[in-house]
Protein chains: 2
Amino acid sequence: MDIKDLDTQSFMPGLSVDNVIFGFHDNQLKVLLLACKDGKHWMLPGGYILKNESVDAAAERVLFDRTGLQKVYLQQFNVFGDPKRSSASLVKGLVKSMELDETLNHWFLQRFVTIGYYALVEYEKVKPKPDPLSLSCDWFEIDQIPRLIFDHATIIESALTAMRQHLNFQPIGLNLLPSSFPLKSLQSIYETILGKKLDRPNFNRKILSLGILDKKEKHFTGAAHKAPFLYSFRKKEYYKLLKDGIS
Amino acid sequence: MDIKDLDTQSFMPGLSVDNVIFGFHDNQLKVLLLACKDGKHWMLPGGYILKNESVDAAAERVLFDRTGLQKVYLQQFNVFGDPKRSSASLVKGLVKSMELDETLNHWFLQRFVTIGYYALVEYEKVKPKPDPLSLSCDWFEIDQIPRLIFDHATIIESALTAMRQHLNFQPIGLNLLPSSFPLKSLQSIYETILGKKLDRPNFNRKILSLGILDKKEKHFTGAAHKAPFLYSFRKKEYYKLLKDGIS
DNA sequence: TTATATTGTGTCAATTTGACTCAATAAAAT
DNA sequence: ATTTTATTGAGTCAAATTGACACAATATAA
């Protein structure tokens with residue numbers, strides 16, 4: 001997005017998209033956030049919808065602009081349409097800190113309905129880029145989220161709930177893990193999303209029975225224990241399951 | 001909605017809600033549709049969002065205006081945001097048939113992103129009321145849907161898919177059936193939504209094990225077979241399951 | 001050589017599911 | 001009055017799945 005486009009009527013008024021971008025690193029689920037220029041708040045990577053652009057394409061564009069990634073799992077999950085979701089006083093502070101042309105104020109001060117998406121991306125492949133309205137772009141552990149603007153904390157909560165439900169009838173992990181990985185990493189993702197510990201033998205049995213994994217070579221981590229086997233996703237079978245649903 | 005409000009800037013531009021309202025009658029799942037004034041198309045009950053109204057509230061208002069019902073299950077399920085979802089030529093025909101003031105044309109000719117909701121309502125309680133833009137309001141069997149405008153057929157398909165998935169971890173039926181009903185009616189709802197036949201003994205066992213039903217008196221239908229027992233939902237337990245999810 | 005941590009396999013009972021059978025019964029047909 | 005028909009609801013049983021463990025294998029550190 002280019003700020004100067006805001007007053008040239010390039011975007012649909014009153015509508016935005018916000019992406020909850022999940023990555024996985026150090027056996028932790030992380031979320032990508034942007035630092036507001038007021039130095040006090042963080043926010044979700046979001047943006048507006050071009051007049052001739054589909055809403056899905058806008059979400060993909062925002063994802064690409066912040067991460068450089070394309071063609072990853074990006075799922076619309078909820079619309080946040082409360083007229084009071086952004087407080088006027090906070091917006092005014094933010095707009096002031098952005099030092100924008102006065103004529104742009106009316107854009108930011110309007111009411112926005114935002115469409116929430118969540119994305120699953122490979123942490124290592126992301127090159128976080130702040131947008132023109134923010135100072136920096138960084139990963140945060142899911143249970144150490146800083147102070148967020150508006151209802152963005154609610155949006156993240158809601159994304160987690162949606163993922164938790166999708167997990168029941170969709171495979172997960174292909175866009176979240178590197179091309180090969182130990183089973184334990186996949187289990188940790190499930191545990192973090194579900195918010196509970198899983199029994200390893202039972203998890204392995206279950207996930208292997210889906211027929212979406214290929215066993216590869218052993219991986220010597222240097223740690224003082226048996227080396228785990230690495231696995232990779234069988235993409236064709238994975239996408240088939242994603243489409244048709246589990247069981 | 002009052003048509004004259006359209007040019008007084010009462011509504012959020014470019015945004016609408018569309019409700020897929022499901023009812024159940026004659027062992028058939030039905031959808032409530034409105035007849036367009038062009039005499040050729042039908043459409044979903046939809047509307048616009050007041051400047052100071054939440055999106056959910058707008059969907060509730062549309063539902064109430066068409067059915068007279070409030071406080072029923074109404075679930076947001078998807079946003080339809082393709083810029084080409086409404087064809088300009090069709091819109092022009094529709095606007096012409098509505099014989100509106102010329103100044104309103106710009107409202108209908110703009111691009112709309114619509115937020116899809118589906119509702120489950122008790123068929124017998126609905127008093128279908130056409131809106132100011134339509135000729136009539138009627139129920140249609142789910143597999144006998146007439147020609148619809150725009151992407152409304154896709155929206156109905158998508159609502160069914162969403163329901164099918166929700167069925168896996170949510171109870172269903174409370175707002176779709178009268179206060180007491182035979183188990184077979186509930187089974188028929190499940191069968192219609194899932195699009196497949198279910199084994200009666202197994203269905204009964206499963207649904208009764210949820211602990212959300214109270215057995216009531218026998219109901220003599222006048223048919224030449226054993227009279228079925230009626231059941232009613234235990235509302236407290238039903239809503240708890242709706243909130244927490246099944247299993 | 002032993003200790004430690006973690007992996008992958010194996011077991012087994014409990015639970016759930018799928019595919020059936022069958023007796024009960026409300027009304028119509030004889 | 002008796003038989004027939006259609007449908008309900010209970011019961012059975014093997015197969016599949018799940019949950020809760022035990023345990024052997026093994027990569028490195030002590």
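Chain A is the first sequence line, chain B the second, and so forth, proteins listed ahead of strands; every chain is numbered from 1.
Taking 3.5 Å as the limit, the base of C:dT25 and the side chain of B:Lys226 contain no donor-acceptor pair of atoms between them. The base of D:dA10 is not paired with the side chain of B:Asn204 by any donor and acceptor separated by under 3.5 Å. Under 3.5 Å, the side chain of B:Arg205 and the base of D:dG11 form no donor-acceptor pair of N or O atoms.
Look at A:Lys196 and you won't find any side-chain N or O under 4.0 angstrom from OP1 or OP2 of D:dG19. Put simply, A:Arg200 has no side-chain N or O that comes within less than 4.0 Å of OP1 or OP2 on C:dG8. Side-chain N/O atoms of A:Lys206 include one lying less than 4.0 angstrom from OP1 or OP2 on D:dT18.
Nearest nucleotide to the A:Lys218 side chain, out of D:dC21, D:dT26, D:dG9: D:dT26. Taking every side-chain heavy atom of B:Phe220 into account, C:dA26 is the closest of D:dA20, C:dG18, C:dA26. For B:Pro228, counting side-chain heavy atoms from C-beta on, the closest listed nucleotide (C:dT9, D:dG9, D:dG19) is D:dG9.
A:Arg234 places no side-chain N or O within 3.5 Å of a backbone atom of A:Asp214 that could act as its donor or acceptor partner. Side chain of A:Glu141 to main chain of A:Lys30: no donor-acceptor pair is present (N/O by atom type, distance under 3.5 Å, no hydrogens or angles).
Across the protein-nucleic acid pair, B:Leu183 atom CG and D:dT7 atom P stand 16 Å apart, rounded to whole Å. Following rounding to the nearest Å, B:Ile246 (CD1) and C:dT16 (C1') show an atom-to-atom distance of 15 Å. With rounding to whole Å, B:Leu198 atom CG is found 11 Å from C:dA19 atom P. Rounding to whole angstrom units, CZ of residue A:Phe203 and P of C:dT9 are separated by 14 Å. With rounding to whole Å, B:His225 atom NE2 is found 22 Å from C:dC22 atom P. Protein atom CG of B:Leu208 is 13 Å distant from nucleotide atom C1' of D:dT8, rounded to whole Å. Between the NZ atom of B:Lys197 and the P atom of D:dT7 there is a distance of 11 Å, rounded to whole Å. The NE2-P distance, from A:His219 to C:dT6, rounds to 15 Å in whole Å.
Geometrically, A:Lys215 engages A:Phe229 in a cation-pi contact defined by less than 6.0 Å to the ring centre and at most 45° from the axis.
Each of B:Asp199 and B:Lys184 lies near DNA chain D, and the nucleotide nearest B:Lys184 is the one positioned closer to the 5' end. Nearest-nucleotide positions on DNA chain D place B:Phe229 closer to the 5' end than the other of B:Phe229 and A:Thr221.
Classification of the A:Phe22-A:Tyr118 ring pair by plane angle, with boundaries at 30° and 60°, yields perpendicular.
What you find for B:Ile21 and B:Trp139 is that their closest heavy atoms are O-CZ3, 3.6 Å.
Among the atoms of the strands shown, none is found under 4.0 Å from any heavy atom of B:Pro182.
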